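What you see is a predicted model, and the numbers here were worked out from it, not measured in a lab.
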Amino acid sequence: LHQRGLTRLSCEGGPTVIREFLEADVVDEMILTIAPFAATWAPPGVHGDTPAATRFELRELGSVDSYLYARYLRSPDPARTPA
């Protein structure tokens, strides 16, 4: 997609999708939503052993109607070069 000039992509998915994108080191921003009606909840696989997950900072946190929204941005990393 990048070769076709598409430099931004918005993707929706669960923990598996998040982990795959983090492992590919292609995530610059994450917006996580936690719904109040989930039968069981565990944090998505963004903190475990995925090294890319440690390069994000919480920038915004909010709630509407008991939904929790967290926006994370990639921390500055001078060693990272654009794809």
Side-chain angles (χ1 to χ4, degrees):
L1 294 175
H2 191 268
Q3 291 174 348
R4 294 181 178 184
L6 301 172
T7 58
R8 293 179 181 227
L9 176 69
S10 177
C11 180
E12 183 176 346
T16 302
V17 172
I18 293 170
R19 178 174 287 281
E20 289 176 1
F21 277 82
L22 287 172
E23 288 174 350
D25 198 26
V26 294
V27 179
D28 292 318
E29 177 179 357
M30 292 186 293
I31 299 175
L32 304 178
T33 304
I34 301 167
F37 54 81
T40 60
W41 183 82
V46 294
H47 290 293
D49 57 358
T50 304
T54 61
R55 294 192 298 263
F56 286 86
E57 298 174 356
L58 179 64
R59 292 299 180 95
E60 295 179 57
L61 186 61
S63 66
V64 175
D65 296 331
S66 296
Y67 286 80
L68 182 62
Y69 301 94
R71 180 175 178 242
Y72 293 87
L73 294 179
R74 179 184 287 274
S75 300
D77 183 0
R80 183 174 184 259
T81 56

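Arg8 places none of its side-chain heavy atoms less than 4.5 Å from the side chain of Asp28. Between Thr7 and His2 the shortest side-chain heavy-atom distance falls below 4.5 Å.
Under the 4.5 Å side-chain heavy-atom criterion for Ile, Leu, Val, Met, Phe, Trp and Tyr, Ile34 and Ile31 are members of distinct hydrophobic clusters. Taken together through direct or relayed side-chain contacts under 4.5 Å among Ile, Leu, Val, Met, Phe, Trp and Tyr, Leu73 and Met30 form parts of separate hydrophobic clusters.
With sequence neighbours left out, Arg59 forms a salt bridge (Lys or Arg N to Asp or Glu O under 4.0 Å) with Glu57.
Side chain of Ser63 to backbone of Leu68: no donor-acceptor contact under 3.5 angstrom is found.
Nearest approach of Phe56 to Val27, heavy atoms of both residues: CZ-O, 3.3 Å. The two residues Tyr67 and Thr33 have their closest heavy-atom pair at CD2-CG2, 4.1 Å. Closest approach of Tyr72 and Leu32 over heavy atoms only: CE1-CD1, 3.8 Å.
Interatomic distance, CG of Leu58 versus CG of Leu61, reported as 5.5 Å (0.5 Å rounding).
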